[in-house]
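Working notes for the structure below.
Naming convention: chains lettered A, B, ... in sequence-line order (proteins, then strands); numbering from 1 in each chain.
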2 protein chains.
Amino acid sequence: MNLKSQVEWALHCAAVLAGLPEGRYLSTKALAEFHGLPKEYLSKALQGLSQAKLVDTTLGPSGGYRLARPASDITFLDIVEAVEGKGRTFVCNNIRANNPCRPAGFCDDKPCGIARIMWQADEAWRRTLADAKLSDLVAGLAKDVPADIMAASRDWVLERAG
Amino acid sequence: MNLKSQVEWALHCAAVLAGLPEGRYLSTKALAEFHGLPKEYLSKALQGLSQAKLVDTTLGPSGGYRLARPASDITFLDIVEAVEGKGRTFVCNNIRANNPCRPAGFCDDKPCGIARIMWQADEAWRRTLADAKLSDLVAGLAKDVPADIMAASRDWVLERAG
DNA sequence: GTAATCAAGGATAATCTATATCCTTAAAAA
DNA sequence: TTTTTAAGGATATAGATTATCCTTGATTAC
């Protein structure tokens, strides 16, 4: 049970977009090159962000993506769900209904006890991601990443941002 | 990102095994029939429980599975991990290392900030499952499932338990 | 106005995982 | 001695993931 790698890509791309100056855009090409990712496929992940209205886009040269909201208004959960979907990890197939001892046509009034627990775990997972803001990530990077690499990356991005 | 359906099957089977009288065993065949599942494939899930030492087995007629420990000592996490594996949902491919602005051979001392958050969410998920005991599930079933179905199921199982 | 660049998204293919079935082996019970 | 069982290997099918390529229409640069 793995998240798709596009989730990782989208999170990294969102972090880069969060560092863009107001009003500038960064293209799929630049984001793919910066992260060493296949451009065409990364594009699908970015389309997911766009459909979820987490990013704005423009076309043409100097076009690309920028965040649609402040990084403090975007959570990890927003990004993960935009790419991975909103489905739960546990799918209940209600196999208790196959119990041969059941009267035919018996109908359950509550979800299965197993599903309830599994969905609680899913909720705990989502809550953690909903509590993690993109702005927190960016602040953390500023501490973790050496200043020279940080500065060089900023320059690299600004050279390519439309 | 879905758990395999075998996780659901294993949880339901564990709940049934928890209802077995001391020392009795229940076969794959009976468990498959009770839940309306393909016997051969369910067998793989039960083998997972066996490898994780959550259940004991015996061979021959009247053989099958029983819990290796009291249901109060078995958690949802034990069962989920036995079938699904212990891997995390988020796999970090460390794509920050592809940053063209990095000095060659630069080595990260900390895991990526993105991975840290994603792994926190995984931990919250696991913690929830670790807090859910199989005995709690069984107690819940006794409340949710109508008494007549409960009794008929017990009889059905006892007829087949070796 | 023209050419280049871009996001969006459709079509297709390759690879991996989940799902499932079948068969053999060795152990235990009837 | 025969039947039943778990374990596990081999194989097959379906579906999801991971790509790649191409077209379309919008936007910018020249």
Taking CG from A/Leu26 and P from D/dT28, how many angstroms apart are they, rounded to a whole number? 17 Å
Pull out every protein N or O sitting under 3.5 Å from an N or O of nucleotides 24-30 of chain C, one pair per line with the distance.
none

Could you state whether A/Leu134 and B/Trp119 fall into the same hydrophobic cluster, counting links through intermediate Ile, Leu, Val, Met, Phe, Trp or Tyr residues with side-chain heavy atoms under 4.5 angstrom apart? yes
Need one value for A/Gly64: base, sugar-phosphate or nothing, where a base atom within 4.0 Å counts as base even if backbone is also close, heavy atoms only. sugar-phosphate
Rounded distance in Å - CG (A/Asp56) to P (C/dC6): 18 Å
Presence of A/Gln51 side-chain N/O under 4.0 Å of C/dA7 phosphate oxygens OP1/OP2: no
Grab the two heavy atoms, one from A/Ser135 and one from A/Ser72, that are nearest each other, plus how far apart they are. OG-CA, 3.3 Å
Short N-O contact, B/Asp144 and A/Lys110, less than 4.0 angstrom: yes
Would you say the side chains of B/Ser5 and A/Asn93 form a donor-acceptor pair under 3.5 Å? no
So if I take the C1' atoms of five pairs at each end of the helix from C/dG1-D/dC30 to C/dA30-D/dT1 and get each local axis, what angle do the two axes make, rounded to 10 degrees? 10°
Atom OH of A/Tyr25 to atom P of D/dA29: distance rounded to whole Å? 13 Å
How are the rings of A/Phe34 and A/Trp156 set to each other: parallel, tilted or perpendicular (split at 30° and 60°)? tilted
Would you call B/Asp78-B/Arg69 a salt bridge at under 4.0 Å N-O? yes
Consider only side-chain N and O atoms of B/Asn98 and B/Arg96, and report whether a donor and an acceptor are under 3.5 Å apart. no
Which heavy atom of A/Met1 sits nearest to which heavy atom of A/Thr89, and what is that distance? SD-CB, 3.6 Å
Could you give the CZ-to-C1' distance, from A/Arg24 to C/dC6, as a whole number of Å? 17 Å
Any Lys/Arg nitrogen of B/Asp56 or B/Arg66 sitting under 4.0 Å from an Asp/Glu carboxylate oxygen of the other? yes
Expressed as a whole number of angstroms, how long is the span from A/Lys53:NZ to C/dA7:P? 17 Å
Assigning hydrophobic clusters by single linkage (Ile, Leu, Val, Met, Phe, Trp, Tyr; side-chain heavy-atom cutoff under 4.5 Å), is A/Tyr25 placed with A/Val138? no
Using whole Å, what does the distance between atom C1' of nucleotide D/dA7 and atom NZ of B/Lys29 come to? 19 Å
For nucleotides 11-21 of chain C, just jot down a letter per nucleotide in 5' to 3' order: B, S or -, based on protein non-hydrogen atoms under 4.0 Å. -------SBBB
In this structure, CD1 of A/Ile74 is separated from CG of A/Leu67 (nearest 0.5 Å) by 4.5 Å
Does a nitrogen or oxygen in the side chain of A/Thr28 sit under 4.0 Å from OP1 or OP2 of C/dA7? yes
Can you figure out which of C/dA8, D/dA6, C/dC6 approaches the side chain of A/Ser50 most closely? C/dA8
Whole angstrom value for the distance that separates P of D/dT5 from CG of B/Leu31: 12 Å
Integer-rounded Å distance: D/dT18 C1' and A/Leu46 CG: 15 Å
Is any NZ, NE, NH1 or NH2 atom of the basic residue among A/Arg126 and A/Glu81 found under 4.0 Å from an Asp or Glu carboxylate oxygen of the other? yes
